[in-house]
Amino acid sequence: MSDWTSDELMTVNAARALAGARSCFVGIGLPSAAANLARRTIRPDLVLIYESGAVGAKPARLPLSIGDGELADTADAVVSVPEMFNYWLQAGRIDVGFLGAAQVDRFANINTTLVDRGQDRPPGRLPGAGGAPEIAANCGEVLIVLRHSTRNFVDRLDFVTSVGHGAGRGDRERLGLRGRGPVAVITDLGVMRPDPLTAELVLTDLHPGVTIDQVRAATGWPLKTAGDVAVTAPPTDAELAALRTLKAA
């Protein structure tokens, strides 16, 4: 029996995805946990950047929001929001954007705005866009982390908040988006990456103990798989200790 939870397995693998990054524009929640874990383990020189203007934040605990004072207190610099977007983000100076989502479709487009609650009911309001559309458009590449279910992985988004790969390969270039877009979607079941030819998400990695059928059953479209689906390495004791310390602080 494993001594980690599915959320811990997801967060560890999301942190590992930052191994080659120098700077990361961090979303709150699961992305923040993963980015802070990466800085405490495999990438101690990773520069964490938050939408509120904190550059080089080194929080001792997980921030509650982008406005958490811990971010400003531990940052190398705090800049204005216009400078954050105009100079840092829109100019392409940030390697990786790390985002969460309420819904993701087969081309890694993101919805964080509203969900359809059915006939004769108003749509359910979500936190909204914030800086996510600009992050998705302008960072060198994008990572997405969220839990895997048919509620979250849908055939058609109820609202397109942030463009991933649009309707397929070539859409980002047609729309004039600077970055590569989503390169991986990390969930509590495995990892999906865009197919090089179509940009449609395919299953490339399973977490230990998870089957392909389980992932397909939790996905709202006919999910394709890579020719050789790998299995992710279990969390190390050091990774688990760092993550649990971060959450307990």
Side-chain angles (χ1 to χ4, degrees), residues 2 4-21 24 30-31 34-35 37-38 41-43 95-111 136 139-157 160 162-174 177 179-236 239:
S2 63
W4 60 81
T5 68
S6 58
D7 270 11
E8 288 175 330
L9 187 58
M10 172 175 56
T11 305
V12 165
N13 277 278
R16 291 171 179 169
L18 290 167
C24 180
L30 291 171
L37 177 61
T41 53
I42 59 169
R43 198 65 176 170
D95 292 342
V96 178
F98 214 144
L99 297 173
Q103 291 180 331
V104 172
D105 69 11
R106 71 180 70 207
F107 293 111
N109 301 300
I110 292 173
N111 174 21
C139 287
E141 59 187 38
V142 174
L143 298 171
I144 302 170
V145 58
L146 74 163
R147 298 175 183 91
H148 209 133
S149 73
T150 52
R151 181 180 180 181
N152 297 336
F153 286 85
V154 297
D155 187 50
R156 182 180 177 86
L157 298 182
V160 180
S162 306
V163 175
H165 294 287
R169 184 183 177 193
D171 251 22
R172 291 186 64 85
E173 292 79 5
R174 181 179 62 82
L177 304 182
R180 293 174 58 201
V183 297
V185 180
I186 301 112
T187 81
D188 52 346
L189 297 181
V191 182
M192 295 183 288
R193 295 182 173 87
D195 182 278
L197 297 180
T198 66
E200 181 175 339
L201 292 174
V202 298
L203 179 66
T204 59
D205 302 79
L206 291 169
H207 293 325
V210 178
T211 68
I212 291 175
D213 286 344
Q214 280 180 274
V215 183
R216 283 181 170 154
T219 306
W221 67 86
L223 179 65
K224 298 175 183 177
T225 63
D228 184 15
V229 178
V231 177
T232 61
T236 66
E239 287 171 326

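Interatomic distance, I144 CD1 to L201 CG, rounded to the nearest 0.5 Å: 7.5 Å. Note: T187 OG1 to N152 CG = 10.0 Å, rounded to the nearest 0.5 Å. Once rounded to the nearest 0.5 Å, the distance linking CD1 of I212 with CG of L203 reads 6.0 Å. In this structure, the separation between CG on L99 and OG on S162 is 6.5 Å, given to the nearest 0.5 Å. To the nearest 0.5 Å, atoms OG1 (T11) and CH2 (W4) are separated by 14.0 Å. Distance check, rounded to the nearest 0.5 Å: OG1 of T232 to CG of N13 gives 4.5 Å.
Classified by interplanar angle (parallel below 30°, tilted 30° to 60°, perpendicular above 60°), the ring pair F153/W221 is tilted.
The shortest heavy-atom contact between A108 and V104 is CA-CG1, 3.8 Å. When all heavy atoms of I186 and A17 are compared, the closest pair comes out as CD1-CB, 4.2 Å. Shortest non-hydrogen contact noted between G166 and F107 is O-CB, 3.4 Å. A35 and C24 get closest at one heavy-atom pair: CB-SG, 4.4 Å. Counting all heavy atoms, side chain and backbone alike, L18 lies closest to A38 at CD1-CB, 3.9 Å. For V96 against A21, the heavy-atom pair with the smallest separation is CG2-CB, 3.7 Å.
Judged by distance alone, with hydrogens and angles left aside, the side-chain atoms of D188 form a donor-acceptor pair with the main-chain N or O of H148 at under 3.5 Å. Under a 3.5 Å cut-off, the side chain of T204 and the backbone N or O of V191 do form a donor-acceptor pair. Between the side chain of H165 and the main chain of P182, a donor-acceptor pair closer than 3.5 Å is present. R172 contributes no side-chain N or O that, together with a main-chain N or O of L177, makes up a donor-acceptor pair within less than 3.5 Å. Formation of a donor-acceptor pair under 3.5 Å by the D205 side chain with backbone atoms of V231 is not found in this model.
Judged as a salt bridge (charged side-chain N to carboxylate O under 4.0 Å, His left out), the pairs with a partner in residues 6-17 (not counting sequence neighbours) are, in order, D7-R147, E8-R244, R16-E239.
Residues L146 and V185 are in side-chain contact: their nearest non-hydrogen atoms beyond the backbone lie under 4.5 Å apart.
Taking a 6.0 Å sphere around CZ of R169, one finds it holds 12 or fewer heavy atoms contributed by other residues, nucleotides or ligands.
Residues satisfying the side chain to side chain contact (heavy atoms under 4.5 Å, CB included) criterion with R156, sequence neighbours excluded, are absent altogether. Applying the side chain to side chain contact (heavy atoms under 4.5 Å, CB included) test to V210 and every residue at least two apart in sequence or in another chain returns L189, L206, H207, Q214, V215.
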